Amino acid sequence: MVSSPANPDPQSASPPAHGGEQAPRATGPAAGPAAGPAAGRERRYPPPEQFRGPVVARRGQVERSTTDQRLLDTRSPSGFVHGDPWRVMRIQSEFVEGFGLLAELPRAVTVFGSARISPDDPIYAQGLRLGAGLAEAGFAVITGGGPGVMEAVNRGAQEAGGLSVGLGIELPFEQRLNDWVDLGVSFRYFFVRKTMFVKYAEAFVILPGGVGTLDELFEALTLVQTGKVTRFPVVLIGSQYWSGLVEWLRSTVLSAGLIKESDLHILSITDDVDEAVRIIVRGTAGHAEPPRPEVPEP
């Protein structure tokens, strides 16, 4: 917290001169020209000043210790690890970890859906077929790494010989990456995880899901609508589940003039997993395979 200066009037006192006597106040031309509301008033000596990296602190903001001193002092309190500057470093490290892990992925598709779908649900079976179909079409799959639809898609891809990726998230309740993830990483921050879902995928497929799934769906629509990503197919599987939402967008949001007709064309809806894969293959045709670094032979 920024502290208030001990003396609210920066011009009320001058630092003592050597020997403990009060230093004379600088006046006249030698003190430099006066400016602003204080014009005509006598000028004081410069206030106490401290440089903390790029930060300049004066008067009551001057600290008695240096940054190095606080770093090396083992008796210092640990509360700083919960402050915003430290969080920035944590956020940066998560981006570095994600970029480093996923930079060499082959072409990939991100799939979203509910964690609450049980293995005996028909939607789980759709997830299995979707994961396998994407793997057979040459795509890695990226999911949130959890149970339900995510597990089904990871499992389908892994059993079909494809690369199965899971991006987990720290939650108030325990949730581990499912057993079908080949390559996984867990994040503290949703916005870092979302960046990875988009950056390393060429398309989104959304199966039935709840608030988290809807969040990712509308994030994808926003990115495509605003041109942040281009040629990015967004496929909804399950016409009965999604038709009410799409109809609301058309009858309410579009009718109010808040979106354009072309915004609805971003979405494709199907009940056929094979058709979903074909839409993605057509929609990503011409995308270049990510360049692979040359690794010297041992």
Side-chain angles (χ1 to χ4, degrees), residues 108-135 137 139-160 162 164-169 171 173 175-181 190 193-194 196-198 201-225 232-253 259 263-280 283:
V109 173
T110 294
V111 183
F112 299 107
S114 176
R116 303 182 183 186
I117 298 298
S118 63
D120 58 356
D121 193 299
I123 297 174
Y124 190 97
Q126 281 186 314
L128 285 172
R129 295 200 305 274
L130 177 64
L134 290 170
F139 293 99
V141 298
I142 303 173
T143 77
V149 167
M150 296 172 279
E151 176 186 292
V153 173
N154 286 131
R155 178 179 176 180
Q158 204 275 336
E159 290 182 338
S164 172
V165 180
L167 307 182
I169 185 68
L171 295 172
F173 48 88
Q175 180 172 302
R176 59 185 292 274
L177 293 175
N178 68 68
D179 293 335
W180 304 98
V181 170
F190 266 113
R193 182 179 183 236
K194 283 183 175 184
M196 305 302 156
F197 279 140
V198 175
E202 296 185 14
F204 276 0
V205 181
I206 298 99
L207 282 84
V211 172
T213 302
L214 293 170
D215 175 43
E216 300 295 354
L217 166 60
F218 281 97
E219 170 116 358
L221 292 176
T222 301
L223 292 172
V224 177
Q225 182 203 49
F232 198 92
V234 180
V235 184
L236 305 177
I237 294 182
S239 59
Q240 183 176 0
Y241 186 84
W242 295 112
S243 59
L245 173 62
V246 175
E247 178 56 32
W248 174 78
L249 288 172
R250 184 178 300 280
S251 63
T252 302
V253 186
I259 61 173
D263 294 332
L264 295 176
H265 298 163
I266 298 170
L267 295 171
S268 300
I269 304 178
T270 182
D271 293 307
D272 185 346
V273 169
D274 294 333
E275 175 63 16
V277 174
R278 285 194 293 270
I279 291 170
I280 291 167

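Bear in mind the structure is a predicted one, so any value in this text is a computation, not a measurement.
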Any side-chain heavy-atom pair from [X] and [Y] closer than 4.5 angstrom?
| X | Y | result |
| --- | --- | --- |
| V109 | V141 | no |
| D263 | L221 | no |
| L217 | L245 | yes |
| I206 | E216 | no |
| I280 | F139 | yes |

Reported [atom1]-to-[atom2] distance for the pair [X] and [Y], which is rounded to 0.5 angstrom:
| X | Y | atom1 | atom2 | result |
| --- | --- | --- | --- | --- |
| L264 | Q225 | CG | CD | 10.0 Å |
| I142 | R193 | CD1 | CZ | 11.5 Å |
| L177 | N154 | CG | CG | 8.5 Å |
| F190 | E219 | CZ | CD | 11.5 Å |

Partners of D272 by side chain to side chain contact (heavy atoms under 4.5 Å, CB included), sequence neighbours excluded?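 For D272 the side chain to side chain contact (heavy atoms under 4.5 Å, CB included) partners, ignoring immediate neighbours, are T270, D274, E275, R278.
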
Please confirm whether the backbone N or O of A157 pairs with a side-chain atom of S164, one donor and one acceptor, at under 3.5 Å?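 Judged by distance alone, no pair lies under 3.5 Å.
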
Is the backbone N or O of I237 less than 3.5 Å from a side-chain atom of D271, with the two atoms forming a donor-acceptor pair by type?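 Side chain of D271 to backbone of I237, a donor-acceptor pair under 3.5 Å: no, none is there.
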
Over all atoms of both residues, closest heavy-atom pair of [X] and [Y]:
| X | Y | answer |
| --- | --- | --- |
| I269 | S239 | CG2-CA, 3.8 Å |
| T143 | F197 | O-CE2, 3.6 Å |
| E202 | P233 | O-CD, 3.3 Å |
| N178 | G146 | ND2-O, 2.8 Å |
| S268 | I279 | CB-CD1, 3.9 Å |
| V181 | G166 | CG1-N, 3.5 Å |

Take V111 and L134 through the test side-chain contact (heavy atoms from CB on, under 4.5 Å) and record every step on the way to the result. CA-CA 10 Å; V111 183; L134 290 170; 4.0 Å; yes

List, one per line, each side-chain donor-acceptor pair under 3.5 Å for residues 120-129, sequence neighbours excluded.
unit_1, atom_1, unit_2, atom_2, d
D120, OD1, S118, OG, 2.4
D121, OD1, I123, N, 2.8
Y124, OH, E151, OE2, 2.6

Residue pair L207, L130: steps toward the side-chain contact (heavy atoms from CB on, under 4.5 Å) verdict: CA-CA 10 Å; L207 282 84; L130 177 64; 3.6 Å; yes

Do any pairs count as a side chain to side chain donor-acceptor pair (under 3.5 Å) and have a residue in residues 242-253, sequence neighbours left out, and if so which ones?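 Side chain to side chain donor-acceptor pair (under 3.5 Å) check on residues 242-253 returns R250-E261.
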
